[in-house]
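Proteins get letters first, then strands, A, B, ... in listed order; numbering begins at 1 in each. Every value quoted in this text rests on a predicted model; they were computed, and no experiment measured them.
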Protein chains: 2
Amino acid sequence: MSSQPIIFQQRLSVEQVEEGTALAPKFDDRGLITAVTTDAESGELLMQGYMNAEALRLTIETGETHYYSRSRQMLWHKGATSGLVQRVVELMIDDDQDCIWLKVAVVGGASCHVGYRSCFYRRVPIGEAYESKQRNGQVELEFTDTEKVFDPKGVYGDAPNPTIL
Amino acid sequence: MSSQPIIFQQRLSVEQVEEGTALAPKFDDRGLITAVTTDAESGELLMQGYMNAEALRLTIETGETHYYSRSRQMLWHKGATSGLVQRVVELMIDDDQDCIWLKVAVVGGASCHVGYRSCFYRRVPIGEAYESKQRNGQVELEFTDTEKVFDPKGVYGDAPNPTIL
């Protein structure tokens, strides 16, 4: 780990932020930046989370994903409980620097607390498929993945489910 | 377009939301849901935006992406100005239904208002690369894409830049 903690630079101009090489992330009024996490090999979207400044700093310094859990309101080293650590293969930032893209390799192959490989295991029908399948405007989601990679109860035990209604 | 507008179902239980087939998206206190957009062919992350209920409904019904622009505070049919419409190939929703994944085909091949193919054209060095490259904790971003697909001035003219400092 570095003796000098990472310093994010000030946002001075649109040109600096969009066309420059300064790392000047925009944290929102909650102090968070959006993080999008894909599987570095398959390109599949695994999850979408948030980072505060500390989580981003730790991710950059350690090469393992750290997020900020909004439901638990705390720093969250992904995999600390489940062992399913995400190793960052490549970290990208977007044009206006308010979104982080993490390409990761997942130890154990699962990223979703429900037990699936990805958090995105259901498809929403669109366009003609929506038209033909809707009943009174309602549609059914289609499962694209039905096989759980792990048993959440065995991994998380009695820990509260992070999903909030 | 459907005569019956799409109806999002009520969120009744964690099991229904995570394991069921009801489309019951969670809009946050601003009325927005996060949308992550990837290139259906390459898997590359193109952009991350937000949708309100109307934008999600129109995306499902038309098969073209609609977002909610926070900077302009209005519904935003992507490509209406630039012609760079995104056709949705597949639409996925995540476990707790607070994030939408759009796999799209982009007319014209560009998604970023700066002119690049993707909004993510800069890499942040991490781990050992960070350690070796940092100076007093600061790092330089590395451009991974240097070729603009279009000239933003020619496409957007005098429209205000959406980036906010």
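- Within a 6.0 Å sphere centred on CZ of R30(A), other residues, nucleotides and ligands contribute more than 12 heavy atoms.
- Both M51(B) and V104(B) are members of a single hydrophobic cluster when ILVMFWY side chains are connected at heavy-atom separations under 4.5 Å.
- Note on T144(B), V139(B), V114(B): by heavy-atom pairs under 4.5 Å with chain A, the leading option is V114(B).
- The distance from atom CD of E19(A) to atom CG of L141(B), rounded to the nearest 0.5 Å, is 12.5 Å.
- Distance check: Q48(A) CD to W101(B) CH2 gives 13.5 Å after rounding to the nearest 0.5 Å.
- Heavy-atom distances place the side chain of F143(B), and not its backbone, under 4.5 Å from chain A.
- Chain B forms more heavy-atom pairs under 4.5 Å with one residue of E142(A), E64(A), Q10(A), Q97(A) than with any other, namely Q97(A).
- Rounding to the nearest 0.5 angstrom, the gap separating the OH atom in Y130(A) from the OG1 atom in T62(B) is 11.5 Å.
- Note: I60(A) leads D96(A), I60(A), I100(A) in heavy-atom pairs under 4.5 Å with chain B.
- Interface check for chain B: of the options V124(A), T59(A), I164(A), T21(A), the most heavy-atom pairs under 4.5 Å are formed by T21(A).
- Side-chain heavy atoms closer than 4.5 Å link hydrophobic residues (I, L, V, M, F, W, Y) into clusters, and following such links, even through other members, never connects L23(A) to L32(A).
- F27(B) and V17(B) end up in different hydrophobic clusters when Ile, Leu, Val, Met, Phe, Trp and Tyr side chains are linked at under 4.5 Å.
- At a threshold of 4.0 Å, the pair K103(B)-E44(A) does not count as salt-bridged, since none of the basic side-chain nitrogens sits closer than that to a carboxylate oxygen.
- With chain B as the partner, the residue from E140(A), R123(A), R11(A), E128(A) showing the most heavy-atom pairs under 4.5 Å is R123(A).
- A salt bridge links R70(A) to D98(B): at least one charged side-chain nitrogen sits closer than 4.0 Å to a carboxylate oxygen.
- I33(A) is connected to Y67(A) through a chain of hydrophobic side-chain contacts under 4.5 Å among Ile, Leu, Val, Met, Phe, Trp and Tyr, so both are in one cluster.
- Hydrophobic cluster membership differs between Y50(B) and M47(B), with clusters built from Ile, Leu, Val, Met, Phe, Trp and Tyr side chains linked at under 4.5 angstrom.
- Open room surrounds CD on E41(B); 12 or fewer heavy atoms of other groups in view lie less than 6.0 Å from it.
- A salt bridge does not link E18(B) to R122(A): none of the charged nitrogens lies less than 4.0 Å from a carboxylate oxygen.
- For the atom pair CD1 of I93(A) and CZ of F120(B), the computed distance is 8.5 Å after rounding to the nearest 0.5 Å.
- I126(A) contributes atom CD1, which lies 8.5 Å from atom CD of E90(B) (distance to the nearest 0.5 angstrom).
- Remark: of the listed residues T34(B), L45(B), T38(B), L45(B) is the sole one forming a side chain to side chain contact (heavy atoms under 4.5 Å, CB included) with V36(A).
- To the nearest 0.5 angstrom, H113(B) atom NE2 is 5.0 Å from D95(A) atom CG.
- When P125(B), G43(B), S13(B), G63(B) are compared by the number of non-hydrogen pairs under 4.5 Å with chain A, S13(B) comes out ahead.
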